[in-house]
Amino acid sequence: MTLAAQLEARLRPALAHFGFADARVQPATDARFGDYQTNAAMILAKQQRANPRQLAAQIIERLDVADLCAPPEIAGAGFINFRLLPTALESQLPALAADPRLGVPAPEQPQTILIDFSSPNVAKPMHIGHIRSTILGDALARSAAFLGHRVVRDNHIGDWGTQFGMLLHAWKTERDPAALATDPLGEMERLYKLISARSKEDPATLDAVHQELVKLQAGDEENLGIWREMQRLSQAQFDAIYARLGITFDITLGESFYNPWLKDTAQQLRTVGIARESEGALCVFSDATLPEKDDPFLISRDGQWIPLPALVQKADGAANYTTTDLATLDYRQRTYAPHAILYVTDGRQQHHFRQLFAIFRRWQPAAAARLDHVWFGTILGPDGRPFKTRSGETIRLADLLDEAEERAFAIVTEKNPTLPEAERREIARVIGLGAVKYADLLPNRQSDYTFSWDKMLALTGNTAPYLQYSHVRIQSIFRKADADPAAQQAPVSVADPAERALAMKLFQFGELLPQILADHRPNLLCNYLYELASLFHSFFEACPVLKAEPDLRASRLTLCALTARTLKEGLALLGIGVPERM
Ligand code: ARG
C-alpha cells in the first residue's frame with residue numbers, strides 16, 4: 001500500500017464516525033507543513049455548518065496513526081497535516097526496494113483499454129504533426145500496461161477517401177519511377193499536390209480524377225492494385241519510423257478495413273431514427289437532450305442556435321470519416337469489449353469526436369466503453385506559428401529525428417572526444433530521441449509549445465538529457481563502489497533531511513502513476529522524474545556515499561539504486577531509454 005493509501009485507511013474509520021466517506025489524502029503542497037494533508041474536515045464542516053478547525057481536532061482525536069506519523073497538526077482553515085515518522089519510512093523502504101512494481105499498486109479491476117494513436121495517412125510522409133499522437137499514445141499505452149491493464153494499441157491508418165482519385169490519376173499519368181524508388185512518400189506527395197493544383201484549373205483533370213475514384217470504389221482491379229501498392233510503400237516508411245522510435249502496435253487496420261460495414265451503419269442509424277434524410281444526404285441532428293452550448297449538433301450564429309448536423313452518408317451514397325469511425329467503434333466494441341477507448345489526435349478534431357461519441361451513445365446506449373478524445377495542441381516554431389522548415393514546408397518526422405541525433409552527436413563528441421565513434425553514435429541516438437520525446441510529453445498536452453533544440457538537448461533543467469545524465473551518474477557511483485545496484489537491499493536510514501526527502505519521493509511513484517491515466521497526462525510523470533532527479537542531486541551533495549562508514553554507505557547505496565531504477569522505469573514508460581555513459 002502506498003503511504004497515502006495507508007493514511008487514508010486510518011482516516012476512513014475516523015471520518016465514518018462523522019458520516020463522511022471521502023477519506024482522501026494528498027502530498028502536502030509545502031514540505032514545512034508535513035508530508036501529506038487532508039482537507040476532509042473543511043468539506044465536512046461546510047456540509048454540517050460546523051467550525052472546520054474544531055472538527056479537525058475531533059477527527060484527530062479519533063485517528064490512530066501513532067505508529068506512522070507524529071501527532072497530526074491542524075493548519076490554515078482546517079487542513080490536517082501528517083508528518084511521517086522516520087521509523088515508519090525506514091521500516092517500509094526494504095519492501096519498496098524489493099518490489100518489482102516500485103510500489104505501484106495493482107488495479108482493483110484490470111481494464112481493457114484500446115488506444116487509437118499515430119494513425120497517419122497513406123501516401124503522405126509522416127510529419128511533425130504525427131509525432132505528438134505517436135509519442136503521447138505510446139506513453140499512455142506503456143503506463144497503462146505497467147499499471148496492469150490490458151492494452152490494445154491500434155493504428156487507424158488513413159488509407160481510404162477521395163484523395164485516392166487524385167493519387168490514382170497522378171500515378172497513371174505523372175509518376176516518376178526513380179523518385180518512387182528512392183523516396184516513395186515524397187513522390188506520392190508530389191503527385192498529389194501536382195494533380196490537386198491542376199484539377200482546380202482544368203475541368204478535364206477533375207473529371208479524370210473523379211472517374212478514377214469511382215472505379216476504385218467499384219472495385220476495379222487495376223485501381224485496387226495501385227492503391228495496394230501505395231499502401232505497401234507507405235507502410236514500409238511508417239514502419240521504419242516506428243522501429244526508430246521503438247513503437248509497436250497490436251493492430252494496424254486502415255479505414256478501408258471497415259468499408260464492408262459502412263452502408264449498414266448508415267442504414268441502421270436511419271432505421272432507428274437517429275439519422276434522417278436532408279437534401280439527399282443522411283444526417284444526424286440534435287436530439288435536444290443537452291444544453292445548447294454543449295450540443296455538438298448546434299452552432300451559434302449571430303446569437304441564434306442553428307443546426308450543425310453530422311453527415312453519415314453523402315447524397316451520392318458515399319460514406320465519410322464519421323461513418324467510418326462509427327463502424328470502427330462498433331467493430332471495436334464487438335471485438336474487444338473495451339472499458340475505455342482513447343483517441344489521441346490533434347485538438348482540431350474535437351468537434352468530430354464530440355459528434356461521434358454522441359451518435360454512438362444514441363446508437364448503442366448499452367455499450368459501456370468510456371470514450372475519450374485525448375487531444376493535443378500544436379508544435380510552434382520560433383516565430384510562434386506552426387513549426388515549418390525554412391522554405392515553409394511541413395517538417396518530415398524522419399528529418400526531425402535525423403537532426404536530433406546529429407545535434408546530440410555533436411554534444412556527446414564534445415564531452416567525450418575519446419570514445420569510439422560507434423559508441424558516441426549510439427549514445428547520441430538515445431539522447432536525441434529521448435530529447436524529442438520528452439520535449440513533446442513535458443508540456444500540458446493541450447497547450448501549444450515552442451520547439452527548441454537548445455532547450456530540449458540541455459543537460460540541465462527539466463529535460464530528458466538531464467534525467468538520463470542523472471541515471472548515468474548513479475551508475476558511475478556503483479562502478480566506483482564496485483557494487484551491483486541490483487544487489488542493494490540494506491536497511492536505509494533517513495536521518496538526514498536530504499535522505500528523507502529523496503525517500504519520500506521514491507515512495508510516491510506508486511501514488512503518481514495511476515494519476516497519469518486519470519486524465520491522460522504523461523507530463524505528470526515528467527515532472528515527477530525531474531523532481532526525483534533534483535532531490536537525488538541535493539542528496540548526493542549533502543550526503544557522502546562512498547566515504548560514509550559501512551552501514552551508512554550501504555544505506556545510501558540502496559537509496560541510489562532505488563533512485564536509478566525509478567528513473568529508468570519512469571523514462572521507459574515515456575518510451576525513453578538511458579545510455580550507459582554520457
Ligand atoms: N488519420 C487521421 C489524421 O491523420 C487520424 C485518425 C484518428 N483516429 C480516428 N479513429 N479517427 O488526421
Side-chain angles (χ1 to χ4, degrees), residues 113-138 140-141 151-164 167 185 188-189 192 227 230-231 234-235 237-239 241-242 247 249-259 261-262 265 284 296 310-312 319-336 338 340-361 363-364 367 369-379 386 394-397 440 445 520:
I113 303 176
L114 189 143
I115 309 184
D116 174 324
F117 72 108
S118 197
S119 309
N121 299 319
V122 161
K124 276 194 210 155
M126 271 171 94
H127 56 79
I128 188 159
H130 290 109
I131 200 175
R132 299 208 78 181
S133 174
T134 308
I135 287 170
L136 198 55
D138 180 57
L140 291 171
V151 178
V152 182
R153 302 159 149 263
D154 187 346
N155 193 358
H156 189 71
I157 306 266
D159 66 352
W160 198 253
T162 50
Q163 72 273 29
F164 285 98
L167 284 163
L185 285 181
M188 285 189 268
E189 186 177 51
Y192 178 81
W227 168 72
M230 292 194 246
Q231 256 178 306
S234 307
Q235 189 67 48
Q237 289 206 302
F238 299 155
D239 287 343
I241 295 222
Y242 294 139
I247 289 188
F249 294 93
D250 301 305
I251 44 179
T252 298
L253 294 176
E255 294 178 13
S256 67
F257 175 80
Y258 303 95
N259 282 351
W261 293 288
L262 298 182
T265 300
V284 179
L311 210 65
V312 292
N320 64 6
Y321 191 49
T322 305
T323 331
T324 308
D325 257 333
L326 282 165
T328 306
L329 242 173
D330 179 49
Y331 174 86
R332 290 172 176 166
Q333 182 65 37
R334 280 185 279 121
T335 312
Y336 303 103
I341 305 182
L342 314 185
Y343 294 85
V344 190
T345 86
D346 192 297
R348 282 170 297 192
Q349 296 196 35
Q350 282 178 82
H351 185 248
H352 164 74
F353 284 105
R354 286 176 59 221
Q355 287 196 330
L356 175 71
F357 297 167
I359 299 173
F360 186 70
R361 291 276 172 244
W363 180 27
Q364 301 193 19
R370 213 181 74 203
L371 304 175
D372 284 307
H373 183 209
V374 180
W375 61 270
F376 50 81
T378 309
I379 305 180
T394 51
I395 294 175
R396 290 174 68 161
L397 203 42
D440 203 67
R445 66 176 157 80
H520 316 116

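For the numbers below, each heavy atom of this structure counts, side chains included, while hydrogens, waters and symmetry mates do not. Whatever order the structure lists them in is the order used to number ligands and atoms, beginning at 1. All values derive from a computational prediction rather than experimental measurement.
Contacts with ligand 1 closer than 4.0 Å are made by side-chain heavy atoms of N121 only, the backbone lying farther away. Neither the backbone nor the side chain of D346 comes within 4.0 Å of ligand 1, counting heavy atoms alone.
Protein heavy atom nearest atom 2 (C) of ligand 1, with residue, atom name and distance: S119 O, 3.6 Å. The protein atom (non-hydrogen) at minimum distance from atom 8 (N) of ligand 1 is D116 OD1, 3.1 Å. For atom 6 (C) of ligand 1, the closest heavy atom belonging to the protein is Y321 OH, 3.3 Å.
H130 and H127 have tilted rings, their planes meeting at an angle from 30° to 60° on a 0 to 90° scale. Relative ring orientation between F117 and F249 is described as tilted, the plane-to-plane angle lying within the 30° to 60° band.
Numbered from 1 in the order shown, with element, the atoms of ligand 1 that lie under 4.0 Å from a heavy atom of Q349 read 3 (C), 12 (O). Which parts of ligand 1 touch Y343 is read off a 4.0 Å heavy-atom cut-off, strictly below it: atoms 10 (N). Applying the 4.0 Å criterion to heavy atoms of H156 picks out, from ligand 1, the atoms 8 (N), 9 (C), 10 (N).
Checking only distances, D325 does come within under 3.5 Å of ligand 1, N or O to N or O. In terms of N/O distances under 3.5 Å, ligand 1 is not approached by R332. Every N/O-N/O distance between T345 and ligand 1 stays at or above 3.5 Å.
Using a 4.0 Å cutoff on heavy atoms, F117 does not count as a contact of ligand 1.
Qualifying ring pair (Phe, Tyr, Trp, His ring centres under 6.0 Å) partners for Y331, counting only residues two or more places apart in sequence or in other chains: F257, Y258, W261. By the salt bridge (Lys or Arg N to Asp or Glu O under 4.0 Å) test, D154 is found to be paired with R332, residues two or more places apart in sequence or in another chain being considered.
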Assess whether salt bridge (Lys or Arg N to Asp or Glu O under 4.0 Å) is satisfied between R132 and D346, documenting all intermediate values.
-> CA-CA 8 Å; R132 299 208 78 181; D346 192 297; over 6 Å; no

Passes side-chain contact (heavy atoms from CB on, under 4.5 Å), F238 versus T252? Steps please.
-> CA-CA 11 Å; F238 299 155; T252 298; over 6 Å; no

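Within the 4.5 Å cutoff, the side chain of Q235 has heavy atoms near those of the I157 side chain.
When all heavy atoms of T322 and L311 are compared, the closest pair comes out as CB-O, 3.8 Å.
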